[in-house]
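Residue numbering restarts at 1 for every chain, and letters A, B, ... go by the order of the sequence lines.
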Amino acid sequence: MGWLVPAVTVGGLLPVAVLIWDAYTGALGANPIQRATLQTGLLTLALLVASLACTPLRLLTGWTWPARIRKALGLLAFGYAALHFLIYLFDHGFSLGLMLEDVLERPFVTVGFTALLLLVPLALTSGRNSVKRLGFQRWTRLHQLVYLAVALGALHYYWGVKQDHTPPLIYAGVIAALFAVRFLKRRPTRKKASPT
Amino acid sequence: FVRPNRPLGPYDTKEAVTPYQQATTYNNFYELGTDKADPARNAGSLKPRPWTVKIDGEVKKPQTVDIDTLQSWFPLEDRIYRMRCVEGWSMVMPWLGFPLAGLIRRLEPTSKAKYVQFTALLDPKQLPGQRGNVLDWPYVEGLRLDEALHPLAFMAVGLHGKVLPGQNGAPLRLVVPWKYGFKGIKSIVKITLTEKQPQTTWMRAAPSEYGFYANVNPAVPHPRWSQATERRIGELGRRKTLPFNGYADEVAGLYKGMDLRKNF
């Protein structure tokens with residue numbers, strides 16, 4: 001299954017092409033910046049959730065392939081988060097002052113920005129060398145930051161919508177379910193390991 | 001859309017009018033869906049005729065009047081107004097309609113009347129968004145009587161010289177250009193003159209975020225975003241938001257002595 005990671009990467013980048021095409025043809029509607037912001041934000045959250053689903057899926061099914069695409073999904077999520085942030089900066093005329101005001105005064109922006117910051121060290125230590133350099137334990141501990149990042153991302157989404165909270169609540173529900181699977185499944189599986 | 005030849009004074013703006021296509025496909029009308037494109041897609045279910053408007057409360061002539069009769073009471077006027085949404089975007093809308101003041105005066109408010117309450121249609125068959133409870137239906141808005149009597153306050157029945165499309169609030173909507181767009185209640189079926197301040201839909205939904213006045217004010221941020229700037233639909237950058245949406249000379253006097261941070 002050597003094709004799996006390239007396929008996920010290409011598939012994960014496809015929305016960028018669609019976004020550029022839609023922007024070019026005017027399909028993003030009357031407020032293209034707002035639409036692009038929303039779409040890159042949603043893609044970030046969806047890919048983060050997908051990367052978090054890999055381990056529970058392996059635990060529930062015994063399949064090994066989910067573990068192999070986890071890194072690609074995580075890096076794609078970071079890429080979309082960075083793009084989301086770039087569009088936000090563009091929208092505010094790349095003004096650092098406006099950005100700081102938003103980050104410091106508006107919890108909605110504070111949590112989104114924090115989530116992005118939390119993803120930076122994870123993206124920087126996504127290579128195999130990093131696991132060796134940091135040691136597996138420390139690397140794992142560091143990458144547990146993703147739980148906080150995804151929770152803040154979901155909160156950012158929840159606070160960002162004006163009134164219809166159903167979609168962000170669905171995300172929150174899925175994230176909670178994935179956490180629950182990890183929590184419930186991990187220990188028993190370890191105890192039962194190699195029954196021969 | 002062709003700009004009228006006669007000068008419209010404060011009822012016009014030199015700014016470029018938002019094209020019909022954008023003004024009718026990027027809408028907030030939660031009764032027809034929460035996505036901006038939903039109202040245009042779902043407007044077919046809204047039937048603006050036959051339509052009646054009930055007028056009650058503190059008026060000398062409570063009555064239920066057919067929309068065509070109501071419209072025939074006044075000559076239709078053009079108004080080219082800026083429209084600023086609380087979400088941080090804006091348009092320039094060429095409305096067709098009549099001043100609200102004329103309607104209110106014709107109804108002869110009693111001495112007890114202090115506020116005007118507007119109620120929108122409640123009918124989940126015509127407004128499928130009402131099957132969910134995103135907001136407390138029907139949509140209710142209100143103005144202080146002196147605000148309602150201000151010459152800028154307007155009842156629209158048309159847009160871009162055409163009959164008002166469903167997604168823009170057919171057949172009758174309120175336009176208060178110095179306030180955020182959500183004050184402009186759509187598809188009105190009832191107008192009630194009241195003694196007490198009406199409890200509006202968005203005040204009920206999120207009292208810390210949406211007040212009764214909802215005057216456009218760049219100095220008072222929404223709790224989740226700044227109101228200092230806005231994006232004019234059709235432009236990429238942002239422009240500065242003006243106090244009272246640029247109508248301060250006309251309306252600031254209505255709020256003399258009021259703390260606009262508290263009365264947001």
>> Is there a salt bridge (Lys or Arg N to Asp or Glu O under 4.0 Å) between E31(B) and K186(B)? Walk through the geometry before answering.
In response: CA-CA 10 Å; E31(B) 288 92 323; K186(B) 302 179 173 89; over 6 Å; no
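- Once rounded to the nearest 0.5 Å, the distance linking CZ of R204(B) with CG of D136(B) reads 4.5 Å.
- The minimum heavy-atom distance linking P138(B) with T119(B) is given by the pair CG-CG2, 3.7 Å.
- Other residues, nucleotides and ligands contribute at most 12 non-hydrogen atoms within 6.0 Å of the CZ atom of R141(A).
- Using a 4.5 Å cut-off between heavy atoms, R224(B) contacts chain A through both its backbone and its side chain.
- Contact count against chain B (heavy-atom pairs under 4.5 Å) is highest for D91(A) among V109(A), V161(A), L98(A), D91(A).
- Each of H222(B), Q22(B), E87(B) has some count of heavy-atom pairs under 4.5 Å with chain A, and the biggest count is that of E87(B).
- Judged purely by atom type and a 3.5 angstrom limit, W225(B) uses its side chain to pair as donor or acceptor with the backbone of V86(B).
- Along residues 232-242 of chain B, the residues that come nearer than 4.5 angstrom to chain A, judged on non-hydrogen atoms, are I233(B), G234(B), L236(B), R238(B) in order of number.
- Counting heavy-atom pairs under 4.5 Å between each of R106(A), R35(A), H92(A) and chain B puts R106(A) at the top.
- A centroid separation of less than 6.0 Å is found between the aromatic rings of F85(A) and F113(A).
- In this structure, chain A has no heavy atom under 4.5 Å from any part of T25(B).
- Within the cation-pi definition used here (under 6.0 Å to the ring centroid, within 45° of the axis), K183(B) qualifies as a partner of F212(B).
- For the residue pair D102(A) / Y88(A), a side-chain donor-acceptor distance below 3.5 Å is found, with atom types taken as modelled.
- Neither the backbone nor the side chain of N133(B) comes within less than 4.5 Å of any heavy atom in chain A.
- Heavy-atom distances place no part of N27(B) under 4.5 Å from chain A, backbone and side chain included.
- Residues Y210(B) and F182(B) place their aromatic rings such that the two centres sit under 6.0 Å apart.
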